[in-house]
Every structure is written in structure tokens, then in C-alpha cells.
Amino acid sequence: MLLEIREEDERMPEWPEMETYRAMLTKYVAGKSIRSVEIAREKSVNVDAEQFKRELEGRTIWFIERRGKYILFHLDNGKRLLLHLMLGGLLYYGSDEQDRPDRTVQVTLTFEQGHLYFIGLRLGFLHYLSVKEVEARLAELGPDPFDKRLTLENFKARLQGKRSALKNALVDQHVLSGIGNCYADEIAFTAGIRPDRKLTTLDEAELERLYHAIHKVLRDAADKGGYMELPFTRDDELTGGYNSQCLVYDRGGEPCVQCGTAIVKTEMSSRKVFYCPNCQKES
DNA sequence: AGATGTACCCGGACGC
DNA sequence: TGCGTCCGGGTACATC
């Protein structure tokens, strides 16, 4: 195995990373049929390993859908595979036995042309579910940030009356789906608002900046392939292109790219928070 | 309603 | 180098 592994923190896949994976999976496994299944860690799946294999082998994946940070594989029997990578989960598609990452693989789906590896599934999982079960599971997910129906007016209405802090609202999957700890901070920085501001204190101009910052940050990051530490395939040069592009996240003490002030690292609701005390408005 | 706490999980980082 | 310890994230759920 010849993959170069960069020395970086474990990544927490969010909207841009999962969107990149959705596109990659569509390119490599949509329309393909599953030849064999290997389960190295039974806890990663929700049914008995033998049953999981029986159900999956021979199935064709019709298409790949992303909802928030979840990926749904639509199978030809009407069932779904629901994937969540949680902390540190990764996907890799290798063309042959030598082309596999030097990591602990929990589940492998083998296709005629290659192998899809599910790596680093600790809290993450790959569940075989009926449509009904999936819908019940994801019923409370908020809208996708790019949902056409989420106009500026609807966005403002969704936040209306909420008394939580900006950071907590951004990472709340009931409010919007797909934003996690890193991009919440990047969005707050881009909007010029401190993460601990109560939503009730945001004025019209700030809400509008926030709305546009959400789209700008997520779109930019996804266009650059997100910040995953490993490429999806051996010659994939997109995935992970956003590595080290974060402006405030994990940059505590470093100078702000806009003004040079030291980035502040703090904590809210047991989450790391990073912001520029000069560029981001306190009130 | 929102905040807080806890369980889940284990690779990797760190300490001796 | 080896072995033990501990951390950290998103989600779900209980509780205040």
C-alpha cells in the first residue's frame, strides 16, 4: 500500500465532505452490482453479519443520495444502506487488492471493478433498512442548506424566536442538516458574527450575511473537495483539497487572516469554538 | 425550549 | 519498543 498519509487531525465529515463522497460514490458505484461483502466489525452493521451478506450480495446500487451528513445507497430491492461516518470515518475505493488504505477496514463491498472500503467506523455505521425505517430515523432532520425552498425569508423564519447561541443553532441538525463543528465556526467568521451571540440579538443585516455565509463556505469547501485526510481513490486529486483552508477552525492563537489578531479558542456546550475577537461582532 | 450530562466507540497520541 | 491510559467527536436520549 503506497498511499501517503498526511499528519493531520482526525476529520469530522460534514456537508462538503459528504457531498464530495456522494459525487464520488455516484461516479464509482452507482449502477454497479455488489459481488461480495466482508464484515470485519459486526457492530458497524445493524443485522447479523451472515444475513447482511446474504441480503447485499447480488444487489445493485441504483443511486446515491445524501441527506445532511448521511449517505443513502438505494438498492434494487427497494431497501437502503444508511451510512453515517461520525468521527474519523472514511471511504476509499480501490481498484485491486494492492490498492487499499493502510487503515482498519470495518466493511468492504466488492464490485466487479473494485472494492469500496468503509474505514474508521467507530461511532459510525452502515445500516440495512427499509424506506420506512430510514424515514423514521431521519424524520427530524432539518432542511439541506441548499434546499431551494430555504429562501432568505424562510431561513429567517426558521431562526425566529430561537433563543440559542449562533454556534449551537448552526450545529443543530434539526435547524439545518449537514453543518458540524468546523464549518459552524467558518460560517460565523465569514458572517462576521461571534459564535456565542444569541440568535435573538442578530439584526436583519446579520441574518442576511449569515444566510449567504452558509452557502459560500459550504459551496467553496465542497468545490475544493472538503477536508478529508485521504483521497477517495488512488488518483483522486479532489477529495481533501480543502485541507488547511479553514480560516479559524483549529487555529487558536494564530493570526487572523483578515486582521492579524490572535484567533481565540474557547468552548461552548463541550464543543471547541474558534473565532476572531476583532472581525466577529460581539453585539 | 434550550442546556446539560451521559453512553456509545476505539485509533491514535501520549506517558512512563 | 511496549503497554496502559485517555481523549474526542455526532447522535440519541434522559433530565432539569
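In what follows, chains are A, B, ... by sequence order, proteins preceding strands, each numbered from 1.
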Smallest heavy-atom separation, Val45(A) atom then His127(A) atom, equals C-CD2, 4.0 Å
Please give, in whole Å, the distance from [N] [atom2] to [X] [atom1]?
| X | N | atom1 | atom2 | answer |
| --- | --- | --- | --- | --- |
| Leu138(A) | dT11(C) | CG | P | 11 Å |
| Leu82(A) | dG10(C) | CG | C1' | 14 Å |
| Arg67(A) | dT11(C) | CZ | P | 15 Å |
| Glu140(A) | dT11(C) | CD | P | 14 Å |
| Lys167(A) | dG10(C) | NZ | C1' | 13 Å |
| Leu85(A) | dC10(B) | CG | C1' | 16 Å |
| Lys69(A) | dG9(C) | NZ | P | 12 Å |
| Leu87(A) | dG12(B) | CG | C1' | 11 Å |

Give a yes/no on whether any side-chain N or O of [X] is located under 4.0 angstrom from OP1 or OP2 of [N].
| X | N | answer |
| --- | --- | --- |
| His84(A) | dG10(C) | no |
| Arg41(A) | dC10(B) | yes |
| Lys272(A) | dG9(C) | yes |

Check residues 18-30 of chain A and write down every donor-acceptor pair under 3.5 Å in which the side-chain atom is one partner and the other belongs to a residue at least two apart or another chain.
{"residue": "Glu19(A)", "atom": "OE1", "partner": "Arg22(A)", "partner atom": "NE", "Å": "3.3"}
{"residue": "Glu19(A)", "atom": "OE1", "partner": "Arg66(A)", "partner atom": "NE", "Å": "2.6"}
{"residue": "Glu19(A)", "atom": "OE1", "partner": "Arg66(A)", "partner atom": "NH2", "Å": "3.4"}
{"residue": "Glu19(A)", "atom": "OE2", "partner": "Arg22(A)", "partner atom": "NE", "Å": "3.2"}
{"residue": "Glu19(A)", "atom": "OE2", "partner": "Arg22(A)", "partner atom": "NH2", "Å": "2.9"}
{"residue": "Thr20(A)", "atom": "OG1", "partner": "Pro16(A)", "partner atom": "O", "Å": "2.7"}
{"residue": "Tyr21(A)", "atom": "OH", "partner": "Leu91(A)", "partner atom": "N", "Å": "3.2"}
{"residue": "Thr26(A)", "atom": "OG1", "partner": "Arg22(A)", "partner atom": "O", "Å": "2.7"}

Could you write out each protein N or O paired with an N or O of nucleotides 13-16 of chain C at a distance under 3.5 Å?
none

Within the structure shown, what part of the strands sits under 4.0 Å from Phe125(A) by heavy-atom distance: base, sugar-phosphate, or nothing? nothing
N/O contacts under 3.5 Å, protein versus nucleotides 3-8 of chain B?
{"residue": "dT4(B)", "atom": "OP2", "partner": "Ser269(A)", "partner atom": "OG", "Å": "3.4"}

* Are Tyr183(A) and Tyr227(A) close enough that their ring centers fall under 6.0 Å? -> yes
| Should the ring pair Phe232(A) and Tyr93(A) be called parallel, tilted or perpendicular, given that the plane angle runs from 0 to 90° and is split at 30 and 60? | parallel
With sequence neighbours left out, the residues meeting side chain to side chain donor-acceptor pair (under 3.5 Å) with Gln51(A) are none
Those residues at least two apart in sequence (or on a different chain) that pass side chain to side chain donor-acceptor pair (under 3.5 Å) with Arg219(A) are Asp223(A)
So, with a heavy-atom separation below 4.0 Å from DNA chain C, the residues of residues 171-186 of chain A are Gln173(A), Asn181(A)
Sorted by chain and number, sequence neighbours left out, salt bridge (charged side-chain N to carboxylate O under 4.0 Å, His left out) with Glu50(A) holds for none
In short, side-chain hydrogen bond (donor to acceptor under 3.5 Å, both in side chains) pairs touching residues 73-91 of chain A with sequence neighbours left out are Arg59(A)-Asp76(A), Glu65(A)-His74(A), His74(A)-Arg80(A), Asn77(A)-Tyr128(A)
Residues 200-214 of chain A vs salt bridge (Lys or Arg N to Asp or Glu O under 4.0 Å), sequence neighbours excluded, gives Lys156(A)-Glu204(A), Arg197(A)-Glu206(A)
Residues 109-119 of chain A vs salt bridge (Lys or Arg N to Asp or Glu O under 4.0 Å), sequence neighbours excluded, gives Arg35(A)-Glu112(A)
message: Has Lys53(A) got a side-chain atom pairing as donor or acceptor with Val37(A)'s backbone, closer than 3.5 angstrom?
response: yes
Measure from the side-chain N and O atoms of Ser177(A) to the backbone N and O of Gly142(A), and report whether any donor-acceptor pair falls under 3.5 Å.
yes
Rounded to 10°, the angle between the first-five-pair and last-five-pair axes of the helix from dG2(B)-dC16(C) to dC16(B)-dG2(C) is 40°
For residues 166-176 of chain A, dump all side-chain donor-acceptor pairs below 3.5 Å to protein atoms at least two apart in sequence or in another chain.
{"residue": "Lys167(A)", "atom": "NZ", "partner": "Asn181(A)", "partner atom": "O", "Å": "3.2"}
{"residue": "Lys167(A)", "atom": "NZ", "partner": "Asn181(A)", "partner atom": "OD1", "Å": "2.7"}
{"residue": "Lys167(A)", "atom": "NZ", "partner": "Asp185(A)", "partner atom": "OD1", "Å": "2.6"}
{"residue": "Lys167(A)", "atom": "NZ", "partner": "Asp185(A)", "partner atom": "OD2", "Å": "3.4"}
{"residue": "Lys167(A)", "atom": "NZ", "partner": "Lys272(A)", "partner atom": "O", "Å": "3.2"}
{"residue": "Asn168(A)", "atom": "ND2", "partner": "Ser269(A)", "partner atom": "OG", "Å": "3.4"}
{"residue": "Asp172(A)", "atom": "OD1", "partner": "His174(A)", "partner atom": "N", "Å": "2.8"}
{"residue": "Asp172(A)", "atom": "OD1", "partner": "His174(A)", "partner atom": "ND1", "Å": "2.8"}
{"residue": "Gln173(A)", "atom": "OE1", "partner": "Gly178(A)", "partner atom": "N", "Å": "2.8"}
{"residue": "Gln173(A)", "atom": "NE2", "partner": "Val171(A)", "partner atom": "O", "Å": "3.1"}
{"residue": "Gln173(A)", "atom": "NE2", "partner": "Ile179(A)", "partner atom": "O", "Å": "2.9"}

Pair Asp147(A) + Arg149(A): basic N to acidic O under 4.0 Å: yes
